[in-house]
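One structure is given here, and the rest of the page talks about it.
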Amino acid sequence: MTGFGSGDAECSRAVELLAGCGRGVALTGAGMSQESGVPTFRDALTGWWARYDPMQLATPEAYRTDPARVFGWYVYRWRMARQVEPHAGHLALADVARSFDHFAVVTQNVDGLHRRAGSEDIIELHGSLEAFRCVGGRHPFDPERFRDLDLPEGGGVEPPACATCGSPIRPGVVWFGEQLPSDAIGRAHELVTTCDALLVIGTSSVVYPAAGLPDLALTAGATVIEINPDRTPLSPRATLHWPATAGEALPQLAAALAGTA
Ligand code: BV8
């Protein structure tokens, strides 16, 4: 263990709370990817939305109004996600999972970093930057042609036409005002209402229906441990709030659970 104030007390408490827990779930948000260099949404100055109004970019209306600007933002983010690496926190979460009989990652993130870090059972509530598709028939589109495009942040890219049906291509993410995939939110509900412990990592807990999942877990009697350097609307209700980043807390937790701390 390292010096006082480095989360030792929270880590010990988390290990106590997780003792005997067989079914675990992690609910992750943009803060989980922050230490990989992916901007979060709300962090002032660095968050995406400090520079853009989310309602100008992450909605069907925005795509209808200015398809090139919206499509360009997602191509930019797709490229960024490919250029960054999972950090120690992503890798440690895959290790934490091995301390449970069953463990699933329910993520709001669209960057694919959990899968690249070795997590196996992953539910992408809000889709994926890899899953471009057409508007008309949801025919898949491979964005590879954009890999080397010189694209400044905020640069516009006209959405191509689907090779199958001719309708415009859009990102395969869930925008505000769009329903989440029913299988994803249905499985997330099932997981959080039957788990023994839910780790809520790197989310501001303000976007629904994802933000409602921890309360479902609490109502069902699960232990809820929130890992976030800041407090959120969930913090007062969480069993434990661990004020640390994902890259600080998760390696510490993984080592403690493996008995190697
Ligand atoms: C729905 C994919 C039914 C796209 C995203 C009015 C009209 C329409 C809808 C609504 C409305 N009013 C309310 C709603 C519902 C709306 C909603 O919740 N709005 C909020 C703003 C109030 N939800 C929806 O629209 C959802 N659909 O409800 O359908 C419906 C249909 C029509 C009408 C009504 C209802 C769809 C929501 C999904 C939207 N898509 N992403 C894309 O990525 O571009 S949301 C996107 O924002 C993320 O996926 C994520 O979910 C959210 C951002 O939240 P976080 O991930 O938590 O990130 P954030 O930056 O906020 O926080 C980071 C946290 O990490 C912070 O706490 C920070 O302290 C911490 N942190 C920072 N660094 C670290 C760290 N933690 C750990 N380690 C670190 N290093």
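Order of appearance sets the numbers: ligands from 1, and atoms from 1 within every ligand.
Within 6.0 Å of CD on Glu178 lie more than 12 heavy atoms contributed by other residues, nucleotides or ligands.
For ligand 1, none of its N or O atoms has an N or O atom of Ala58 under 3.5 Å away. Among the atoms of Gly177, some N or O lies under 3.5 angstrom from an N or O of ligand 1. Ligand 1 has an N or O atom lying under 3.5 Å from an N or O atom of His126, backbone or side chain. Checking only distances, Ala244 never comes within under 3.5 Å of ligand 1, N or O to N or O.
Side chain of Ser36 to backbone of Val84: no donor-acceptor contact under 3.5 angstrom is found. The closest donor-acceptor contact from the side chain of Arg79 to the backbone of Arg147 lies under 3.5 Å.
Of all the atoms in ligand 1, the ones that sit under 4.0 Å from a non-hydrogen atom of Arg77 are 42 (C), 43 (O), 44 (O). Residue Glu178 has at least one heavy-atom neighbour below 4.0 Å for each of these atoms of ligand 1: 1 (C), 26 (C), 27 (N), 29 (O), 36 (C). In summary, the atoms of ligand 1 found under 4.0 Å from a heavy atom of Asp230, numbered by their order in the structure, are 69 (O). Near Gly29, the atoms of ligand 1 lying under 4.0 angstrom from a non-hydrogen atom of the residue are 56 (O). Atoms of ligand 1 found under 4.0 Å from any heavy atom of Thr203 (numbered from 1 in listed order, with element): 55 (P), 57 (O), 64 (C), 65 (O), 67 (O). For ligand 1, the atoms closer than 4.0 angstrom to any heavy atom of Ala30 are 55 (P), 56 (O), 58 (O). Counting the atoms of ligand 1 from 1 in the order shown, those under 4.0 Å from a heavy atom of Thr245 are 77 (C), 78 (N), 79 (C), 80 (N). The ligand atoms of ligand 1 that sit less than 4.0 angstrom from a heavy atom of Glu35 are 78 (N), 79 (C), 80 (N).
In Met32, neither the side chain nor the backbone holds a heavy atom less than 4.0 Å from any atom of ligand 1. At a heavy-atom cutoff of 4.0 Å, ligand 1 is contacted by both the backbone and the side chain of Gln108. Contact annotation: for Leu180 versus ligand 1, heavy atoms closer than 4.0 Å belong to the side chain alone.
At least one side-chain heavy atom of Pro214 sits under 4.5 Å from a side-chain heavy atom of Leu27.
Nearest heavy atom pair, residue Leu129 against residue Tyr74, reads CD2-CD2, 3.7 Å.
Not a single heavy atom of Ala210 sits under 4.0 Å from any atom of ligand 1. Contact between Pro229 and ligand 1 is present, with at least one heavy atom of the residue lying under 4.0 Å from the ligand.
For the residues Gly172, Gly202, Ser33, the heavy atom positioned nearest atom 64 (C) of ligand 1 is part of Gly202. The heavy atom nearest to atom 66 (C) of ligand 1, considering only Asn228, Thr232, Leu125, Val207, is found in Asn228.
Residue Phe141 is tested with Cys134, Cys162, Pro160, Pro159 for a side-chain contact (heavy atoms from CB on, under 4.5 Å); the sole match is Pro160.
For residues 103-119, the salt bridge (Lys or Arg N to Asp or Glu O under 4.0 Å) pairs, not counting sequence neighbours, are Glu85-Arg116.
Under the side-chain hydrogen bond (donor to acceptor under 3.5 Å, both in side chains) criterion, Asp196 pairs with no residue at all, not counting sequence neighbours.
Connection of Phe146 to Val173 is established within a shared hydrophobic cluster, with ILVMFWY side chains joined at heavy-atom distances below 4.5 Å, either directly or through further cluster members.
Centroid-to-centroid, the aromatic rings of Phe71 and Phe132 come within less than 6.0 Å.
Within the model, atoms CZ of Arg64 and OG1 of Thr59 stand 8.0 Å from one another, a figure rounded to the nearest 0.5 Å. If you take OG1 on Thr203 and CE on Met32, they are separated by 12.5 Å, rounding to the nearest 0.5 Å.
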